[in-house]
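A quick note: this is a predicted structure, and the numbers were derived from the prediction, not measured. Just so it is clear: chains get the letters A, B, ... in the order the sequence lines come, proteins before strands, and each one is counted from 1.
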Amino acid sequence: MSVFLDILASVGMWEAVLRIATPLILGTLGVLLCERVGVLNLGIEGIMTFGAMIGWLTVYSGGDLWTGMLVAALGGAMFGFLHALLTVPLGLSQHVTGLGITLFASSFSYYVFRLAVPTASSPPTVEPFRPLEIPLLADIPFLGPVLFNQTAPTYLALVMVALLAWVLYRTPLGLAIRMAGENPHAVDAQGIDPIWLRIGTIMAGSALMGMGGAFLTLAAFNSFFPTMIQGRGWICVALVVFASWRPARALLGALLFAFFDAYQLRLQTVVEGVPYQLFLMLPYVLSIVALILMARRARVPQALMQPYRRGER
Amino acid sequence: MRFERRDHPSRLLTVLAPIGAILAALVVAGLLIAIAGANPIRAYGLILKGAFGSRLGLSETLTRATPLILTGLAAAVAFRARLWNIGGEGQLYLGALAVPALGMLPIMASLPAPISIVLCLAVGAIAGMILLLIPLGLRLRFGVDEVVTTLLLNFVAVLFVSLMIEGAMKDPLAFGWPQSVPVPDSAILPKLMERTRLHAGLLIALAMSIAVWWLQARTVFGMRARAAGLNPRAAAFAGVPLGRTLIAVACLSGGLAGLAGAIEVMGVKGYVTTDLSPSYGYSGIVIAMLANLNPIGVIGAALFSAVMFVGADSMSRALSIPSYIADVTVALSLLTMLVAIFLAQYRIRR
């Protein structure tokens with residue numbers, strides 16, 4: 001029994017929770033933003049793949065790490081724009097368009113990656129973000145190394161949670177965004193064009209997804225390889241339902257999720273006789289369980305998946 | 001600029017839509033080839049030559065199209081009833097795994113081939129069905145959106161396959177490679193062409209297209225499934241049993257995807273590994289959309305994808321263009337097809 005507790009008492013375990021949570025936080029906030037404005041964005045899996053690839057490629061070809069993050073955000077926004085163009089003014093099926101964006105963005109990423117790195121048996125690496133020790137605070141026993149010895153993008157992700165919550169609930173822009181997801185006609189009556197509002201918000205959300213992907217190649221690992229996103233995007237879509245479309249709960253969901261993931265990774269090494277695949281299934285099964293628990297209770301934005309056309313009801 | 005729905009979308013436009021979509025996708029992919037420093041015309045020529053230019057190439061294209069027709073049908077029947085089955089990949093893997101699992105029963109060795117083949121196909125289809133009935137059950141019972149659950153179950157299914165082929169179903173003669181015990185000899189599908197991989201699964205896939213067309217166009221089930229997709233509330237008022245119809249659709253859709261896996265393992269591979277499918281399940285979604293959800297159209301759309309995949313492999317050996325260009329083109333054609341269908345249904349007014 002003590003093995004299970006030993007893991008919980010280790011600093012490394014809790015440090016890993018925040019690290020594993022970071023791409024999930026960024027991705028979940030991205031999905032949340034898109035859905036709050038009324039559009040499902042299943043492009044996330046591909047957008048994260050593209051962010052991971054283009055962020056890595058930028059640094060690999062000589063850019064610095066923050067330029068890599070920025071390029072990943074811009075790349076995400078670009079695919080977000082494509083998704084928005086098809087789903088908002090044209091009003092095409094958000095399910096199918098999103099899947100199309102995912103298939104296109106991921107195969108495009110692999111294509112560009114293979115062009116840049118034609119023949120490498122092991123993927124080339126870059127020098128990733130180093131943990132940024134916050135003076136004084138990092139010296140607090142246990143909490144210090146867990147909370148204040150993370151990489152810079154992790155701090156950024158936490159700031160984004162607060163920033164997004166503030167924008168959504170405390171600014172006119174946030175009010176308009178939430179209204180567009182509940183009743184776009186009301187937004188239009190206020191003199192704000194819901195079409196452009198939706199396009200812009202989807203681009204911002206997709207930029208967050210791109211950064212979430214880039215975190216994987218620039219901080220969590222140091223190289224890119226195909227299929228590295230491993231369904232993290234889909235997990236983010238599930239986490240948004242679990243979070244009932246609220247940023248603070250999205251953070252909680254991502255942390256909870258990362259906790260189980262970090263725990264199972266460590267259990268794999270100490271528990272014998274249980275096939276490792278069962279541990280690896282855990283994140284996906286947990287996401288489904290989270291969906292079951294919240295499906296009826298969650299407050300879905302009323303206009304989610306309803307295209308807006310002026311003069312049509 | 002605004003969009004106005006056409007009262008009567010012309011038949012011609014509906015037929016031209018997929019052709020225009022594929023051309024548009026080829027133009028964009030051609031730009032990507034040109035940026036990479038090769039001549040797109042030459043690349044497409046090599047793709048066609050690779051896919052059709054030889055007896056081997058042609059047989060490979062048809063072999064590749066076989067599972068794609070079935071996963072395309074799986075997506076098409078589900079989407080028509082607005083059941084968002086994105087889990088074709090996982091259902092395919094479980095269908096494939098069911099065949100060697102059944103083969104482990106001692107009695108299978110003594111069965112005559114036709115009985116053994118039919119049994120294996122049925123078990124594969126049932127395995128696929130079961131995997132889709134779980135998310136459908138969650139939707140009907142708890143209101144959980146099936147898009148995300150079917151997507152997540154794909155990962156669970158592949159991990160389950162990995163678990164089985166490294167554990168209970170591991171082939172002891174495979175020198176430690178993780179692969180399943182082989183399919184029983186009696187269940188190997190006969191070849192259609194000597195010295196190629198083309199097998200009788202193609203005929204099963206074609207027969208399934210016709211069967212699905214008949215089901216959708218000529219039976220009460222088909223009418224109900226369509227009604228449930230077009231307007232569930234109106235359908236319920238008209239007396240369509242929504243739950244039961246969706247369960248039947250899920251059995252058909254999951255069954256077809258499971259069948260794709262069973263056929264692939266009985267016709268081509270002979271055993272299961274975790275790289276059995278180069279995302280046939282996801283390609284099925286594109287194929288269904290390119291076919292505008294028409295079961296006969298699925299055959300053509302699957303052929304297009306197969307030509308791209310097989311041709312791109314040989315093209316990338318000749319020019320230094322990554323074969324991922326095939327995936328890019330197929331994915332792009334999904335997006336251009338969505339726009340093409342839209343343009344066939346709406347006119348643009350200034």
Side-chain angles (χ1 to χ4, degrees), chain A residues 40 42 45-46 82-83 85-87 89-93 95-115 118-119 226 230-231 233-235 237-238 241 275-281 283-288 291-296 298 300 309-311, chain B residues 1-3 29 32 35-37 79 84 86 134-135 138-139 141-145 147-149 151-156 158-164 166-167 279 282-283 285-286 288-289 316 320-339 341-343 346:
Chain A
L40 177 73
L42 292 182
E45 185 81 5
L82 184 59
H83 182 67
L85 214 56
L86 297 175
T87 52
L90 299 190
L92 301 178
S93 158
H95 282 127
V96 185
T97 308
L99 289 168
I101 298 282
T102 281
L103 292 175
F104 174 48
S106 41
S107 52
F108 181 65
S109 308
Y110 304 156
Y111 178 74
V112 174
F113 176 69
R114 269 282 155 256
L115 275 181
T119 51
Q230 283 290 328
W234 311 133
I235 289 171
V237 177
V241 180
Y276 69 95
Q277 291 95 343
L278 286 181
F279 289 110
L280 291 179
M281 281 180 198
Y284 309 109
V285 176
L286 277 176
S287 303
I288 294 173
L291 281 174
I292 297 171
L293 289 179
M294 292 307 291
R296 288 257 192 256
V300 189
R309 288 203 188 86
R310 190 167 289 167
Chain B
M1 193 174 87
R2 63 201 173 85
F3 305 108
L32 292 175
I35 290 169
F79 286 10
W84 298 108
I86 321 296
I134 298 169
L138 294 178
R139 165 172 158 184
R141 176 74 182 75
F142 299 105
V144 180
D145 182 31
V147 176
V148 187
T149 45
L151 276 168
L152 291 168
L153 282 175
N154 286 338
F155 294 90
V156 177
V158 175
L159 283 168
F160 180 71
V161 168
S162 159
L163 174 70
M164 295 311 281
E166 287 181 27
S279 63
Y282 299 105
S283 304
I285 297 160
V286 185
M289 292 310 293
S316 83
S320 57
I321 297 293
S323 60
Y324 283 119
I325 195 68
D327 303 80
V328 174
T329 314
V330 171
L332 264 174
S333 66
L334 170 60
L335 295 174
T336 52
M337 181 65 188
L338 286 171
V339 176
I341 297 173
F342 176 83
L343 290 177
Y346 288 81

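What you find for A:Pro89 and B:Phe3 is that their closest heavy atoms are O-CE1, 3.6 Å. Across A:Pro275 and B:Leu163, no two heavy atoms sit closer than the pair CB-CD1, 3.0 Å. Considering every non-hydrogen atom in both A:Ala295 and B:Gly143, the closest pair reads CB-O, 3.8 Å.
For B:Val158, no part lies near chain A; criterion is any non-hydrogen pair under 4.5 Å. Contact annotation for A:Leu291: both backbone and side-chain heavy atoms come within less than 4.5 Å of a heavy atom of chain B. Contact annotation for B:Leu138: only side-chain heavy atoms (C-beta onward) come within less than 4.5 Å of a heavy atom of chain A. Contacts between A:Tyr276 and chain B at a heavy-atom distance below 4.5 Å involve the side chain alone, from C-beta outward. Interface residue A:Leu92: only side-chain heavy atoms are found under 4.5 Å from chain B. For A:Leu40, no part lies under 4.5 angstrom from a heavy atom of chain B. Of the atoms belonging to A:Pro283, not a single heavy atom falls under 4.5 Å from chain B. Of the atoms belonging to A:Ser93, it is side-chain heavy atoms, and not backbone ones, that fall under 4.5 Å from chain B. Proximity to chain A (any heavy atom under 4.5 Å) is restricted, for B:Ile86, to the side chain, taken from C-beta onward.
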Exercise. Please assess A:Leu82 against B:Leu335 for the test side-chain contact (heavy atoms from CB on, under 4.5 Å), listing each intermediate value before the final yes or no.
Key: CA-CA 10 Å; A:Leu82 184 59; B:Leu335 295 174; 4.3 Å; yes

Self-check item: Evaluation steps, side-chain contact (heavy atoms from CB on, under 4.5 Å), between A:Leu86 and B:Leu338
Solution: CA-CA 9 Å; A:Leu86 297 175; B:Leu338 286 171; 5.5 Å; no

Quiz item: Hey, mind stepping through B:Val147 and A:Trp234 against side-chain contact (heavy atoms from CB on, under 4.5 Å) and telling me if it holds?
Solution: CA-CA 9 Å; B:Val147 176; A:Trp234 311 133; over 6 Å; no

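The shortest distance between side-chain heavy atoms of B:Pro322 and A:Tyr111 falls below 4.5 Å.
Across B:Leu334, B:Ile321, B:Leu159, the residue that shares the most heavy-atom pairs under 4.5 angstrom with chain A is B:Leu159. Ranked by heavy-atom pairs shorter than 4.5 Å toward chain A, the options B:Met337, B:Arg141, B:Glu166, B:Met289 are led by B:Glu166. Across A:Val237, A:Val241, A:Thr97, A:Val285, the residue that shares the most heavy-atom pairs under 4.5 angstrom with chain B is A:Thr97. Your options are A:Tyr284, A:Phe113, A:Phe108, and the one with the most heavy-atom pairs under 4.5 Å with chain B is A:Tyr284. Note: B:Leu332 leads B:Leu332, B:Thr149, B:Val286 in heavy-atom pairs under 4.5 Å with chain A.
Summarising the local packing, CZ of B:Phe155 is surrounded by more than 12 heavy atoms from other residues, nucleotides or ligands at distances under 6.0 Å.
Put simply, OH on B:Tyr282 and CD on A:Glu45 are 7.5 Å apart, with the number rounded to the nearest 0.5 Å. In this structure, B:Ser162 OG and A:Leu280 CG are separated by 8.0 Å, a value rounded to the nearest 0.5 Å. Taking CG from A:Leu115 and CD1 from B:Ile35, the interatomic distance works out to 9.5 Å, rounded to the nearest 0.5 Å.
Using a 30° and 60° split on the angle between ring planes, A:His95 and B:Trp84 fall in the tilted class, from 30° to 60°.
With A:Ile288 as reference, B:Leu152 is the one residue of B:Val144, B:Val148, B:Leu152, B:Ile134 to meet the side-chain contact (heavy atoms from CB on, under 4.5 Å) rule.
Without hydrogens or angle criteria, A:Tyr110 side chain to B:Asp327 main chain gives no donor-acceptor distance under 3.5 Å.
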